[in-house]
Student: 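What follows is a structure written as structure tokens; I'll ask about it next.
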Protein chains: 2
Amino acid sequence: MKNERIDLREALIREAIGLLGNGPADLSLRSVARAAGVSAMAPYRHFEDKAALLGAVAAQGFAELRDVLEVADARAEGGAALVEQGLAYIAFAQRRPSLFRLMFASVDLACIPKPAGMSAYAVLARRVASVAPDSSEVSTLGCWAMVHGLATLRLDRRIEAGSEADRSVLMLLTAAIVGR
Amino acid sequence: MKNERIDLREALIREAIGLLGNGPADLSLRSVARAAGVSAMAPYRHFEDKAALLGAVAAQGFAELRDVLEVADARAEGGAALVEQGLAYIAFAQRRPSLFRLMFASVDLACIPKPAGMSAYAVLARRVASVAPDSSEVSTLGCWAMVHGLATLRLDRRIEAGSEADRSVLMLLTAAIVGR
DNA sequence: CTCCGAAGTTTACAACGTAAACATACGGGA
DNA sequence: TCCCGTATGTTTACGTTGTAAACTTCGGAG
């Protein structure tokens, strides 16, 4: 029955996320199939190709990121909530480095369902809009870029500073945005 | 004579950069060897493995980036020079997307000669220090992160805005840094 | 019961990174 | 001059990958 189909499909996504834990190099279509206990060609019944599977994995990652941002946002108010979101974003990237990289760099956009990526963005945009109603577009872009930059530079080992430095940087930007 | 060695070594790097023009997917060790007109194993006489070759390519990229930043920095003074550097950084990423990605995400750090990556960073740090002597560390980090975030998000098709938006965002941050 | 479509398997191929063994040619000591 | 070690490259080989094609199997609709 159709349940089986969905079972394997989701099992593949789950196993892929699991394999991402051991570095992105271990993530091949075949290794995912092996982990799920099926033949190398079985995934093609559920995904167009490897990129499609990775896209589904990325979508899962975006959903998780959105949840993380929402929780963080609720921990404070006003500009401070912005800082909390930023720190949470960076922490997420550090906790799941391979997944984070996959979500952005590796998979081309066509493979990621649009709502997935957008819902995480919306959490940020909403908070920025509440804090700086005018210029909220530029401010949102700036926040995202700065946080994303910190996260990726850290993942790529280009910077080593810890969360105190992150907080300082984020507060600097937040101050500029909130005005004054 | 030793000239030949250096010739092939540099030819490989050159061909690799050339192949990067057609998307990073076309860049295999074998394809580079083919482009240079040698056998598939020849590169191993000059590079430990594929990552080492990519590291050399990345180093070349960093040198180019540093030059670009220096030229841009010379186009203005004070905070405006900061904005110029940022725009140049983003423009570089857009002009050579695959090379830029290679420089950061793909190659692990051990394969990149340290001075290569550092000299580009120094150009930014110097200007920030001249503009905001106190807090120059946090400010430099912030500038780099924001610019890098804009560049990578654009590369990954996560944002579509043009250079006017970039300029606005950069000016916002610069204002916060220069103080007041 | 029959038959069909969906789910999975087996087999096959080209391309990849790289290990190992071999060829070749050049420069310096005997 | 001869000779030999070292640097440079080639050939061959192996295991892994993504994926195309042809097959099996099987549960439900007619």
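All values below were derived from every heavy atom in this structure, side-chain atoms included, with hydrogens, water molecules and symmetry-related copies excluded. All chains are named by letter (A, B, ...) in the order of the sequence lines, taking the proteins before the strands, and each is independently numbered beginning at 1.
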Student: Do B:Asp166 and B:Arg154 have side-chain heavy atoms sitting under 4.5 Å apart?
Tutor: yes
Student: Hey, can you tell me if B:Phe100 and B:His148 have their rings parallel, tilted or perpendicular (30° and 60° cut-offs)?
Tutor: tilted
Student: Can you check the A:Met41 CE to C:dG8 P distance for me, whole Å?
Tutor: 13 Å
Student: Using atom types as modelled and distance alone, determine if a side-chain donor or acceptor of A:Arg66 lies under 3.5 Å from a backbone N or O of A:Val123.
Tutor: no
Student: In this structure, how many angstroms lie between the P atom of D:dT10 and the CZ atom of B:Arg34, rounded?
Tutor: 14 Å
Student: Which whole-number value in Å describes the distance from B:Leu53 CG to C:dT18 P?
Tutor: 11 Å
Student: Estimate the overall bend of the helix from C:dC1-D:dG30 to C:dA30-D:dT1 from the end axes over five pairs each, rounded to 10 degrees.
Tutor: 20°
Student: How long is the line joining CG of B:Leu54 and P of C:dC16, in whole Å?
Tutor: 14 Å
Student: To the side chain of B:Ala42, which of C:dT9, C:dT18, D:dT10 is closest?
Tutor: D:dT10
Student: Looking at every strand, decide which applies to A:Ser28 at a 4.0 Å heavy-atom threshold: base, sugar-phosphate, or nothing.
Tutor: sugar-phosphate
Student: Could you check how far CG of A:Leu19 sits from C1' of D:dT17, rounded to whole Å?
Tutor: 15 Å
Student: Counting side-chain heavy atoms from CB outward, which of C:dT9, D:dT12, D:dG18 is closest to A:Tyr44?
Tutor: D:dG18
Student: Would you say C:dG8 has OP1 or OP2 under 4.0 Å from some side-chain N or O of A:His46?
Tutor: yes
Student: What is the distance, rounded to the nearest whole Å, between atom CG of A:Leu8 and atom P of C:dT9?
Tutor: 8 Å
Student: Out of A:Leu155, A:Leu20, A:Thr152, which residue meets the side-chain contact (heavy atoms from CB on, under 4.5 Å) rule with A:Arg101?
Tutor: A:Leu155
Student: Verify, without hydrogens or angle tests, whether B:Arg30 (side chain) and B:Ser28 (backbone) share a donor-acceptor contact under 3.5 angstrom.
Tutor: no
Student: Rounded to the nearest angstrom, tell me the gap between atom CG in B:Leu29 and atom C1' in C:dT18.
Tutor: 9 Å
Student: Would the base of D:dT10 count as contacting B:Arg45 through its side chain, where contact means a donor and an acceptor less than 3.5 Å apart?
Tutor: no
Student: Does B:Arg30 get its side chain close enough to the base of C:dT18, under 3.5 Å, for a donor-acceptor pair?
Tutor: yes
Student: Considering only NZ, NE, NH1 and NH2 on the basic side and carboxylate oxygens on the acidic side, decide whether A:Arg167 and A:Glu84 come within less than 4.0 Å.
Tutor: yes
Student: Report the distance from atom CD of B:Glu48 to atom C1' of C:dA19, rounded to the nearest whole Å.
Tutor: 13 Å
Student: Does OP1 or OP2 of C:dA6 have a side-chain N or O of A:Arg9 closer than 4.0 Å?
Tutor: no
Student: Check B:Ala40 against B:Ala33 and note the closest heavy-atom contact, atom names and distance.
Tutor: CA-CB, 4.0 Å
